[in-house]
Protein chains: 2
Amino acid sequence: MDIENAKIPQATAKRLPLYYRFINNLHSQGKMRVSSKELSEAVKVDSATIRRDFSYFGALGKKGYGYNVEYLLSFFRKTLDQDETTSVALIGVGNLGTAFLNYNFMKNNNTKIEVAFDARDERIGQKVGGVPIKHIDDLEKHMEGISVAILTVPSSAAQGIADRLVEAGISGVLNFTPARITVPSSVRVHHIDLAVELQALVYFLKHYPLDEEEDSQ
Amino acid sequence: MDIENAKIPQATAKRLPLYYRFINNLHSQGKMRVSSKELSEAVKVDSATIRRDFSYFGALGKKGYGYNVEYLLSFFRKTLDQDETTSVALIGVGNLGTAFLNYNFMKNNNTKIEVAFDARDERIGQKVGGVPIKHIDDLEKHMEGISVAILTVPSSAAQGIADRLVEAGISGVLNFTPARITVPSSVRVHHIDLAVELQALVYFLKHYPLDEEEDSQ
DNA sequence: ACGAAAGTGTTAAAGCGTTCACAATCTCGT
DNA sequence: ACGAGATTGTGAACGCTTTAACACTTTCGT
């Protein structure tokens with residue numbers, strides 16, 4: 001099954017969760033069918049791109065009709081492995097970490113934050129968003145079955161914790177610290193740098209024509 | 001001056017804030033020179049890409065030597081308009097919003113969050129991270145001189161507030177809600193969807209070979 | 001039952017971004 | 001003052017992504 005999946009372009013793969021959520025919305029609104037044009041307006045992705053994306057999975061739609069919402073939904077559920085849950089740990093229960101814990105990921109997602117870690121004693125033993133908080137010193141004791149970590153710690157602590165996560169066998173890290181962490185090539189790291197995002201937006205505003213539009217990602 | 005700037009690829013523009021921060025770090029460490037190779041290891045961007053990026057601004061380095069940190073720094077300061085501050089409003093003082101307010105943006109940036117808005121009465125009048133909180137009903141009264149908005153509200157409120165921001169003359173929106181907002185083409189919107197980022201990371205882990213590495217953005 | 005309208009799936013082209021590879025240039029120790 | 005070593009800036013190749021465009025299929029109102 002991976003042979004087929006491996007052929008899907010990365011750009012497409014990044015849009016799948018987005019498609020899935022909107023199709024989910026349509027379904028709960030009771031909508032039965034949808035065209036690439038309609039979907040395009042909702043998710044702000046060119047309709048040709050949507051058709052192309054879908055076509056990597058075969059012929060999901062019908063010419064002259066569009067896509068059956070129910071069918072699309074069940075297809076995406078399978079494809080995104082919605083049934084098989086990925087266990088996630090969150091490191092650093094500050095404001096950003098708390099935001100994540102309170103976000104109801106299970107609603108549409110195949111991921112669950114099983115455990116959170118913090119360095120402050122007064123936090124230990126509490127639950128936030130239903131997730132128990134453990135002490136960062138005990139990281140290694142609670143990492144069984146965890147394959148992904150969300151890193152929302154001060155940037156000075158990032159590399160040290162990353163090293164421990166790698167040691168504990170992590171597969172992927174979502175890094176919200178400004179620090180660019182170094183890990184073995186077998187570990188996938190995605191950086192999301194809030195300050196950079198804001199600064200980049202400002203740069204675009206100042207230097208790019210203000211009347212033709214592309215979109216974020 | 002825009003004629004020159006408009007030629008810079010978007011991918012490059014997105015990396016500029018990142019470069020700027022690391023050059024800043026080097027400078028405060030007292031480093032006098034840096035090569036594209038060194039910088040590459042720090043920011044996790046291919047050294048050829050860095051040289052290419054820099055070359056869009058002319059010849060910033062010296063062959064056989066590298067780049068003078070001080071010169072690079074002053075150049076980037078100019079280029080990123082570090083001197084001219086952009087005023088930002090933050091809408092929605094939840095956990096995520098609070099994280100932003102406590103982030104010291106002025107440290108390295110040309111942006112300042114001047115005002116925050118929330119719908120909960122008990123929040124009004126407080127300050128978070130030095131930023132005063134106003135009631136969302138009074139949005140229009142406090143938007144003078146604000147050109148960018150950070151949207152950290154519940155997604156159900158996103159479009160309504162976006163409409164009001166547009167009415168108030170906003171230029172750019174950093175949208176953290178899962179909702180894809182609709183705005184005139186003269187307004188730039190960047191979406192950052194935390195759930196999608198996490199889900200995309202998981203998807204990559206499951207479906208892409210685990211031993212060759214690219215990087216986030 | 002037919003024909004116009006709708007809308008997919010895909011081929012082909014254009015656009016963008018990254019990376020290779022190396023000539024040109026500068027540095028620096030001796 | 002020289003030559004080995006370092007490192008840039010960039011032409012060219014490559015690969016990925018988007019977009020245009022349209023043949024083909026299905027729908028649906030009359």
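Just so we're on the same page: letters track the sequence lines, and every chain starts at 1. Since the model is a prediction, treat every value here as computed from it, not as a measurement.
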Over how many whole Å does the gap from [X] atom [atom1] to [N] atom [atom2] extend?
| X | N | atom1 | atom2 | answer |
| --- | --- | --- | --- | --- |
| R33(B) | dT8(D) | CZ | C1' | 12 Å |
| D53(B) | dT19(C) | CG | C1' | 12 Å |
| L39(B) | dT7(D) | CG | P | 13 Å |

- Residue pair Q159(B) / D163(B), side-chain donor-acceptor N/O under 3.5 Å: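 Yes - a donor-acceptor pair under 3.5 Å links their side chains.
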
- Task: Can you check whether any acceptor in the base of dG11(D) is under 3.5 Å from a donor in the side chain of R52(B), or vice versa?
- Result: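 Side chain to base: pair present.
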
On the nucleotide [N], are OP1 or OP2 found under 4.0 Å from the side-chain N or O atoms that [X] carries?
| X | N | value |
| --- | --- | --- |
| R51(B) | dC20(C) | no |
| S36(B) | dT7(D) | no |
| S55(A) | dT8(C) | no |

- Query: Is the NZ atom of K37(B) crowded by more than 12 outside heavy atoms at less than 6.0 Å?
  - Reply: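 Not more than 12 within 6.0 Å, no.
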
- Test side-chain hydrogen bond (donor to acceptor under 3.5 Å, both in side chains) applied to N175(A) and R180(A), H190(A), H191(A), the passing residue: H191(A)

- Message: Nearest heavy atom decides the nucleotide; on that basis, is G64(A) or G58(A) closer to the 5' end of DNA chain C?
- Response: G64(A)

- Query: Does R33(A) count as lying over the ring of Y65(A), i.e. NZ or CZ under 6.0 Å from the six-ring centre, within 45 degrees of the axis?
  - Reply: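 Yes, R33(A) and Y65(A) form such a contact.
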
